[in-house]
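Each remark here refers to the structure printed beneath this line.
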Amino acid sequence: QERPVESGGGLVQNGGSLRLSCTAFGNIFSILVMAWYRQAPGSQRELVARIDNGENTLYANSVKGRFTISRDNAKNAIYLQMNNLTPEDTAVYYCNSASATLAWGQGTQVTVSS
């Protein structure tokens, strides 16, 4: 089954920025409402942001105003620009459809130091 490939994570200081990318083969992204999720140690996976084909977006309250989700269907990719990061944003970040219908990828680790 198609698995997204996430990249762009890393270690940043409090207040820093990162841009995550997620790609997949085929044109699945063009027909799906896509989303970014994250899972912190000891916590359940949570939806962070979603974007539909009309580029309408929705964000979790905890990231609203700091994160921006975008998509490029021609490149089968979605992105997550993360600004003003805090240690509470530390997690493994995954992309999937908004209804989590794809197989989960390995994710990309984001660590924010205080």
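Keep in mind the model is a prediction, meaning the values are calculated, not measured. The basis for the numbers below is simple: all heavy atoms, side chains too, and nothing from hydrogens, waters or symmetry mates.
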* Structure fact -> Of all heavy-atom pairs linking Thr23 and Ala77, the shortest is CG2-CB, 3.9 Å
* To do: Please report the shortest heavy-atom distance between Thr68 and Tyr59, naming the atom on each side.
  => CA-OH, 3.3 Å
* Do the two ring centres, one from Trp36 and one from Phe67, sit under 6.0 Å apart? -> no
* **ILVMFWY cluster, Val5 and Leu20 together (side-chain gap under 4.5 Å)** => no
* To do: Measure from NZ or CZ of Arg38 to the centre of the six-membered ring of Tyr94 and say whether it is under 6.0 Å with the direction within 45° of the ring axis.
  => no
* To do: State, to 0.1 Å, how close Leu80 and Val48 come at their nearest heavy-atom pair, and which atoms those are.
  => CD2-CG1, 4.5 Å
* To do: Say whether, by atom type as modelled, one donor and one acceptor occur between the side chain of Thr108 and the main chain of Gly9 under 3.5 angstrom.
  => yes
* Asked: Does Gln106 CD have over 12 foreign heavy atoms under 6.0 Å away?
  -> no
* Structure fact -> The reported gap from CG in Asn96 to CD in Glu6 (rounded to nearest 0.5 angstrom) is 8.5 Å
* To do: Indicate yes or no for a side-chain donor-acceptor contact from Tyr37 to the backbone of Ala98 under 3.5 Å, with no hydrogens or angles considered.
  => yes
* **Arg71 atom CZ, over 12 foreign heavy atoms within 6.0 Å** => yes
* Answer whether the closest heavy-atom distance between the side chains of Arg19 and Tyr79 falls below 4.5 Å. => yes
* Asked: Do Met82 and Val63 share a hydrophobic cluster (ILVMFWY, side-chain heavy atoms under 4.5 Å, transitive)?
  -> yes
* Does the pair Thr57 and Glu55 meet the rule for a side-chain hydrogen bond (donor to acceptor under 3.5 Å, both in side chains), with working shown? -> CA-CA 6 Å; Thr57 58; Glu55 301 195 6; over 6 Å; no
* Over all heavy atoms of both residues, which pair between Pro87 and Asn14 is shortest? Give the atoms and the distance, please. => CD-OD1, 3.6 Å
* To do: Find out whether Leu85 and Leu18 are in side-chain contact, i.e. whether some heavy atom of one side chain is under 4.5 Å from a heavy atom of the other.
  => yes
* Structure fact -> Output for pair (Asn53 CG, Met34 CE), nearest 0.5 Å, gives 10.5 Å
* Say you draw a straight line from CD of Gln39 to CD of Gln109; how long is it, rounded to the nearest 0.5 Å? -> 11.0 Å
* Could you give me the CA-CA distance, side-chain angles and deciding distance for Thr86 and Arg66, then say whether side-chain contact (heavy atoms from CB on, under 4.5 Å) is met? => CA-CA 10 Å; Thr86 73; Arg66 300 187 298 122; 4.2 Å; yes
* Minimum heavy-atom distance between Cys95 and Ile78, given as atom pair plus value -> CB-CD1, 3.7 Å
* Any donor-acceptor pair under 3.5 Å linking the side chain of Thr90 with the backbone of Val112? -> yes
* Arg3 side-chain N/O to Gly105 backbone N/O, donor-acceptor pair under 3.5 Å -> no
* Structure fact -> dist Asp89:CG -> Ser62:OG (nearest 0.5 Å) comes out at 7.0 Å
* To do: Apply side-chain hydrogen bond (donor to acceptor under 3.5 Å, both in side chains) to Asn83 and Ser17, showing your working.
  => CA-CA 4 Å; Asn83 297 327; Ser17 298; 3.0 Å; yes
* Asked: Leu102 and Pro4: which non-hydrogen atoms are nearest, and at how many Å?
  -> CD1-CG, 3.9 Å
